[in-house]
Amino acid sequence: MDEMTRLRELRATVPLPDRGRLAPGRALLLAAAGTEQRRRTGRTRRRLVLVAVAAAVTAVAVTVSVLVGGHTGRKVEPAAPVDLRGLSAAQLLERAARVVAAEPGDTVPTAKQWIYTKSVQESEDARKDSATRKLYVSESWIRYDGSAMADRMPMQKQLQVTPMHLENGGEGDDRSPRELYRFVATLPADGDRTLAAIRAAHAIGDIKGETKTQRAYREISVLLGADVLPSKGLAGLYLALATLPGGSVTDHLVENAAGRRVIAVSYETSDPGPQGSDGRMWDQWLLDPQTYRVVGTRMVTGDTLATAKAVGGNSTITKAVVTKAGQTG
């Protein structure tokens, strides 16, 4: 049985396949084929990977280099004081849209360039009698045209490159970073119009019984998880998300898996949580308090959002456009 066949079996129950975003967890899934876990991808509604790994990472750098508006090497300074008290999700997202829309012109990758991502993924035992937190660092690359992906297992030097065919429907409803970028670039900086454009595209599969709001949230989630996003298109996505009910903002900065202080915007989901979890479930979008770009996602569960605990997450340490797989900046 070849590697990609095994990968398809592992993700057979996932309603929204999108292999282009599987890179951060792909090698771990193959190495631990018997371990059931929820896959975190930017183009699925869950956007989180719950993993079990042998070694816990005990320290992560707080200062990181991120790709902002297509530019590499920009250093993120320590979070400035941000007053989040009393802000609704719509107000926060409208603020975020203004900030990202004002960014300088985007630098678009070329077809042969690769997007490098170094991230920290975490899982937490959801049982009431345990709060064991596990972290690991993963490195992944995906070519902008979607023709290949690469990843490196934690603490290993070997790079594994896998040919892909993400464009023009070559992998079902999976899309390349270039296809996603081009679509998002067409979106207007207006919430209702952006939502209408996303619904008209109908680019992801249907789920029986979901409401129009649930589907819209799922569509937006997929696009927010793209490897590279144009500034004005991202502003449109934030404004579209702001039109949906059910969001809330934590009234203080929280710490993500990479040790950064970030803004948490939460949306309750109807999905069942990981095995052993109780209560309600929320997606949390983690935004940098200066750039208002997404720098992580996580899943939290509990009786209330105030008492909910993280059961999985993924936070970006570094993101950059490079000339070949294996390069890090």
Side-chain angles (χ1 to χ4, degrees), residues 21 40 42-43 45-48 60 62-71 74-103 106 117 119-122 184 187 189 191 194 217 220-244 246-269 282-300 305 308 310 312-319:
R21 289 294 297 163
R40 184 264 184 200
R43 302 173 195 122
R45 63 177 170 170
R46 177 52 45 234
R47 302 176 48 78
L48 298 163
V60 179
V62 176
T63 303
V64 300
S65 174
V66 297
L67 178 69
V68 179
H71 301 285
R74 176 171 175 175
K75 295 293 182 181
V76 177
E77 302 298 332
V82 178
D83 188 0
L84 302 172
R85 291 171 298 180
L87 274 184
S88 67
Q91 289 170 327
L92 186 282
L93 290 165
E94 287 164 3
R95 177 194 291 179
R98 290 193 298 271
V99 172
V100 298
E103 288 177 0
D106 302 310
T117 304
S119 61
V120 186
Q121 294 174 350
E122 65 177 326
V184 175
L187 298 177
T194 292
Y217 175 75
I220 294 168
S221 298
V222 167
L223 297 171
L224 281 177
D227 296 279
V228 227
L229 285 170
S231 302
K232 289 183 171 54
L234 176 57
L237 290 178
Y238 282 156
L239 292 173
L241 186 55
T243 68
L244 302 183
S248 60
V249 179
T250 302
D251 64 3
H252 57 275
L253 296 181
V254 302
E255 185 176 295
N256 70 2
R260 302 174 66 188
R261 304 292 291 173
V262 295
I263 299 168
V265 184
S266 305
Y267 282 85
E268 188 169 6
T269 75
W282 291 265
D283 285 339
Q284 283 194 335
W285 299 88
L286 307 178
L287 310 184
D288 182 275
Q290 291 184 322
T291 67
Y292 286 88
R293 290 262 174 172
V294 176
V295 292
T297 57
R298 66 185 181 188
M299 183 196 311
V300 299
L305 185 56
N314 187 299
S315 296
T316 300
I317 301 173
T318 305
K319 188 178 284 286

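If you take NZ on Lys319 and CZ on Arg293, they are separated by 10.5 Å, rounding to the nearest 0.5 Å. Taking CE of Met299 as the start and CG of Asn314 as the end, the distance is 11.5 Å to the nearest 0.5 Å. We find the CG-CG distance between Leu287 and Leu93 to be 7.0 Å, quoted to the nearest 0.5 Å. Here Asn256 contributes atom CG and Arg261 contributes atom CZ; the two are 9.5 Å apart, rounded to the nearest 0.5 Å. Rounded to the nearest 0.5 Å, atoms OG (Ser248) and CG (Leu305) are 4.5 Å apart. Rounding to the nearest 0.5 Å places CG of Leu286 at 10.0 Å from CD1 of Ile263.
Classification of Lys232 and Asp106 as a salt-bridged pair fails, no side-chain N sitting under 4.0 Å from a carboxylate O.
Nearest heavy-atom pair across Ala310 and Arg298 is CB-CD, 4.2 Å.
You'll find the side chain of Tyr238 stays beyond 4.5 Å of the side chain of Thr194, heavy atoms only. Annotation: side chain of Val262 is in contact with side chain of Val254 (closest heavy-atom distance under 4.5 Å).
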Could you go through the side chain to side chain contact (heavy atoms under 4.5 Å, CB included) check for Leu84 and Leu253 one step at a time?
CA-CA 8 Å; Leu84 302 172; Leu253 296 181; 4.1 Å; yes
Would Ile220 and Leu244 satisfy side chain to side chain contact (heavy atoms under 4.5 Å, CB included), going step by step from the backbone distance to the final call?
CA-CA 10 Å; Ile220 294 168; Leu244 302 183; 4.0 Å; yes
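At distances below 3.5 Å, not a single donor-acceptor pair connects side-chain atoms of Tyr267 with backbone N or O atoms of Tyr217. For the pair Thr243 (side chain) and Ala240 (backbone), a donor-acceptor distance under 3.5 Å is present.
Tested against Leu234 for a side chain to side chain contact (heavy atoms under 4.5 Å, CB included), the candidates Leu224, Val184, Leu239 yield a single pass: Leu224.
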